Every structure is written in C-alpha cells, then in structure tokens.
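Source: prediction; values computed, not measured. Atoms within a ligand are numbered from 1 in the order they appear, just like the ligands themselves. No hydrogens, no waters, no symmetry mates; every other heavy atom, side chains included, goes into these values.
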Amino acid sequence: MTTLSPNPSEAPLASETQIRRAPKVLLHDHLDGGLRPATIVELAAAQGYERLPETDPERLREWFREAADSGSLVRYLETFTHTCAVMQSREALARVAAECVEDLAADGVVYAEVRYAPEQHLEGGLSLEEVVEAVNEGFREGERRAAAEGRRIRVGALLTAMRHAARALEIAELANRYRDLGVVGFDIAGAEAGFPPTRHLDAFEFLKRENNHFTIHAGEAFGLPSIWQALQWCGADRLGHGVRIIDDIQVAEDGSVKLGRLAAYVRDKRIPLELCPTSNLQTGAAASYAEHPIGLLRRLRFRATVNTDNRLMSATSMTGEFTHLVRTFRYTLDDLQWFTVNAMKSAFIPFDERLAMINDVIKPGYAALRSEWLFSHPVGVPS
Ligand SMILES: O=c1[nH]cnc2c1ncn2[C@@H]1O[C@H](CO)[C@@H](O)[C@H]1O
Ligand SMILES: [Zn+2]
C-alpha cells in the first residue's frame with residue numbers, strides 16, 4: 001500500500017531547518033532590543049561608554065538574557081539603558097538598523113515592522129528627524145545587503161513614544177511626516193502599570209484624523225482595562241502583546257469556552273494580537289510555553305501573530321519562537337502559515353502589497369516546503 005499524502009491528523013511537524021527557510025512576518029520587534037552583542041561592545045569602546053556590565057560579547061549576550069529574565073517588566077526594561085546608550089549617533093543608528101535587517105533576513109523574515117523610540121536617541125545632539133533618517137538609511141542598507149546575499153526582505157519603521165514621557169503627540173506628528181518615507185505607523189511602549197494609554201489620547205486622535213495607523217503596547221503587565229482603553233478610547237489598530245485578553249475568556253471543565261464582551265469584540269473585529277511568547281515568560285505574563293495563552297487563542301481563531309519583541313533580551317528569533325511553539329503545541333507548517341498570513345494581513349502597508357506578499361511570497365514559500373516530502377523518495381516506494 002502506498003501513502004498518497006501525509007495523513008492530515010499526523011501531518012509532520014515542521015523541522016527547525018524548515019522553519020528557518022519558511023517565509024516569516026514580524027510585526028513586533030524593538031530596534032534597541034535586537035543589537036548584536038559584538039556591536040554593542042565595539043560601539044561602547046569607540047564612544048567611551050564605560051558602563052557596560054560585560055565587555056566580552058558572549059558574556060554580554062548572557063548578561064542581557066539573565067537580567068531580562070526577572071519576572072518583572074520594569075526590571076526587563078532597565079536593560080535598555082545600555083543599548084540606547086550606544087545608539088546616539090547617526091553612524092551607530094544606521095549600523096544597528098542595517099545589522100537588524102541582515103539578521104532578520106538570515107532568519108527567513110520577509111517582512112518586518114521594527115520599532116524604536118526616537119526620543120531616546122537625542123543625547124548625542126541629533127534631532128528627531130535625524131534619528132529617523134539615520135535608521136531609515138540603515139534599513140535600506142540592510143535590505144541591499146540581504147538582497148546581495150540572495151535574501152528578500154522589506155522593512156518598515158514604527159515610531160514609539162515612551163508612555164511615561166509627554167512627547168507622544170510630537171512623535172505621532174513625526175510618524176505622520178515620514179509616512180511615505182519608510183515609517184508605517186506609531187506605538188507607545190514602556191512600563192504599563194500607572195501609565196494608561198489614555199494619557200496620550202491627543203496623539204491617537206491626531207493620527208486618526210490623519211488616517212494613519214498605530215498599535216499600542218497593552219495587556220502585557222497590566223490586564224483588561226489597559227486593552228479596553230487601547231481599543232475603545234484610543235482606537236488602536238493592533239495590540240502590542242494583548243496576551244491578557246485571556247482574562248476575559250472562561251474555559252469550563254468540559255472544555256466549552258465563554259468569551260466576555262471585550263474578548264468577543266477583539267475576536268469579532270479581527271483585532272491583531274502581537275504575541276511575544278518568550279518575552280512574556282521573562283516578564284511573568286505567562287508561566288511556561290505550554291501555559292501560554294497563544295495555544296487557546298490559536299484554537300479560538302483570534303487574529304494571533306507570533307513575534308520576537310526583543311531578540312537580544314529574550315535570546316530569540318522568529319525561528320526560535322516558532323520552534324518553541326512547534327515543540328509545545330505540535331504545530332505543523334499549516335499552523336505556521338496561518339500565523340504568518342495573520343501577521344501579513346495585519347501589517348500597516350497598503351492592502352495590495354499585503355495581498356501580493358501573501359499570494360506571491362508566503363503561500364508559495366510554504367507550499368514549496370510542504371511539498372518536499374514528495375521528492376524525498378522514489379515513485380512507487382512508500383514514503
Ligand atoms: O515588551 C515591552 N513592553 C513595553 N515596553 C517595551 C517592551 N520591550 C521594549 N520596550 C520599550 O520600548 C522602547 C523602544 O523600543 C525600549 O527602549 C523599551 O523601553
Ligand atoms: Zn514590545
């Protein structure tokens with residue numbers, strides 16, 4: 001008896017090599033959370049920054065992972081002092097941005113929205129505009145280097161305002177000014193508890209009047225009220241994390257599920273959730289991969305996406321995140337394609353470009369991987 005196709009109920013799990021080669025889309029990645037450790041060490045030495053906790057790149061890599069693994073978002077965020085410290089000149093910003101794109105392309109990411117807070121890069125005397133232009137220049141350089149290596153990637157910038165500060169309107173205006181110049185949207189980040197998104201209502205109202213796009217970090221360290229405000233007061237297009245929407249979902253002992261009004265709204269309106277599993281384990285938003293709400297949210301068909309958040313602090317990559325999920329939830333290539341298409345549908349670039357990415361890049365990429373088993377054995381011989 002020959003097998004015509006893999007039994008769907010036993011579809012093979014994606015291997016790590018397949019996952020790396022699969023086209024991936026990343027919506028939530030911080031530029032200042034993804035530096036190469038060797039670059040931090042070099043930039044610090046060149047700039048005379050003497051406060052790095054380690055000067056050996058491998059020890060520094062480990063220091064970031066450990067320091068970020070505290071169970072608290074506030075402690076996690078303290079580690080960014082060192083990355084931001086070395087990102088204060090045009091050259092440093094362009095270099096970090098170019099390397100970011102190269103690293104994402106090598107990981108098989110075909111489209112990414114990378115965010116950073118321009119207001120955190122002014123200590124060397126740059127203006128907000130110069131910061132944005134330096135990062136854009138780096139992104140374009142990274143795309144060219146990736147193309148020269150035979151890798152295709154497109155990267156858009158999201159400008160973040162820090163929620164404890166008071167510059168959100170200014171940063172939103174900056175995002176709007178650079179809208180057709182490499183910046184695709186706006187975000188707020190930083191410590192969540194005590195800094196509700198409604199503090200920055202003027203920025204969100206401005207962007208809505210301009211028909212512009214924004215996401216809001218909400219429902220990570222703080223729960224449903226933060227998600228509710230981000231959506232119903234501020235009008236966010238997407239939720240950065242949003243993982244705590246789980247607090248509004250009840251699963252009974254017989255397995256039946258009841259959604260509260262907010263969770264139902266999020267699912268019905270197809271609000272994208274920028275989930276970042278490893279980051280959530282570090283900040284205490286989830287106890288383990290197995291208990292991470294992404295399993296349930298995927299089953300309930302929320303618009304769930306998979307993201308890295310901070311590749312340095314979380315010692316991760318898109319391949320790493322997908323690999324953890326495949327091992328934990330036994331996801332197949334079909335599941336990974338589902339997350340990827342969800343992410344591409346939720347990107348802030350124009351609809352026709354999203355559609356072309358889905359139909360001409362993502363689906364053919366997964367189809368090629370899925371069909372490999374056909375060519376792994378001679379005709380007439382059972383696989
Ligand atoms: O998971 C997160 N939650 C909230 N804020 C974050 C997270 N990761 C990074 N940042 C903050 O965003 C700034 C701009 O990139 C970073 O400097 C960090 O303070
Ligand atoms: Zn984040």
Side-chain angles (χ1 to χ4, degrees), residues 26-35 40 64-65 67-88 92-93 96-97 100 112-123 128 131-132 135 139 156-165 167-168 171 174-175 183 185-197 199-200 214-223 226-227 230 236 238-244 272-286 292 305-316 318 321 343:
L26 174 52
L27 300 179
H28 190 132
D29 186 81
H30 293 258
L31 184 66
D32 52 332
L35 285 77
I40 303 177
F64 272 105
R65 196 194 58 75
D69 209 11
S70 61
S72 139
L73 177 60
V74 173
R75 299 261 307 280
Y76 182 95
L77 295 178
E78 283 167 10
T79 60
F80 288 80
T81 321
H82 300 297
T83 53
C84 287
V86 299
M87 296 168 70
Q88 300 297 335
L93 284 165
V96 168
C100 164
E113 290 178 2
V114 177
R115 63 189 75 194
Y116 62 98
E119 68 200 64
Q120 297 191 130
H121 305 280
L122 306 177
E123 283 163 25
L128 290 171
V131 171
V132 174
V135 172
F139 283 161
L158 298 179
L159 301 191
T160 293
M162 298 309 292
R163 53 204 308 158
H164 59 266
R167 301 186 78 158
I171 303 302
L174 187 69
V183 174
F186 174 79
D187 163 53
I188 59 168
E192 190 173 3
F195 300 103
R199 269 171 58 101
H200 307 290
F214 55 96
T215 177
I216 295 182
H217 273 77
E220 176 188 19
F222 198 68
S226 178
I227 295 178
R238 309 195 304 234
L239 293 170
H241 295 281
V243 60
R244 298 282 294 272
L273 303 174
E274 303 165 357
L275 300 171
C276 312
T278 303
S279 167
N280 290 161
L281 300 197
Q282 290 179 301
T283 61
H292 194 281
T305 70
V306 176
N307 301 273
T308 49
D309 209 10
N310 298 290
R311 287 169 288 116
L312 173 65
M313 288 73 179
S314 297
T316 194
M318 278 303 285
E321 293 301 306

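Set against the non-hydrogen atoms of Leu77, the atoms of ligand 1 under 4.0 Å away are 5 (N), 6 (C), 7 (C), 9 (C), 10 (N), 11 (C), 18 (C), 19 (O). Close approach to Asp309 involves these atoms of ligand 1, each under 4.0 Å from a residue heavy atom: 1 (O), 2 (C), 8 (N). Listed by number with element, the atoms of ligand 1 under 4.0 angstrom from any heavy atom of Gln120 are 13 (C), 14 (C), 16 (C), 17 (O).
Partners of Ala285 according to the side chain to side chain contact (heavy atoms under 4.5 Å, CB included) rule, which considers only residues two or more places apart in sequence or in another chain, are Val243, Asn280, Thr283.
Below 30°, between 30° and 60°, or above 60°: for His217 and His30 the angle between ring planes is between 30° and 60°, a tilted geometry.
The closest approach of Asp309 to the Zn ion (ligand 2), by N/O/S atoms, is made by OD1. When the Zn ion (ligand 2) is compared with the N/O/S atoms of His28, atom NE2 turns out nearest.
For the pair Leu239 and Ala230, the tightest heavy-atom approach, listed with the atom from each and the gap, is CD2-CB, 4.0 Å.
Checked by atom type, the side-chain pair Thr278/Glu321 shows a donor-acceptor distance below 3.5 Å. If you check the side chains of Thr83 and Asp32, you find no donor sitting under 3.5 Å from an acceptor.
Below 3.5 Å of separation, one finds an N or O of Gly190 facing an N or O of ligand 1. Between Tyr116 and ligand 1, no N or O atom pair is found at a separation short of 3.5 Å.
Residue-level proximity to ligand 1 for Leu73 is carried by the side chain, the only part with a heavy atom below 4.0 angstrom. At a 4.0 Å heavy-atom cut-off, ligand 1 touches Asn310 through the side chain alone.
Here Glu192 does not pair with Arg244 in a salt bridge; the nearest charged N to carboxylate O distance is not below 4.0 Å.
Closest heavy-atom approach to atom 2 (C) of ligand 1 among the candidates Arg115, His28, Glu220: Glu220.
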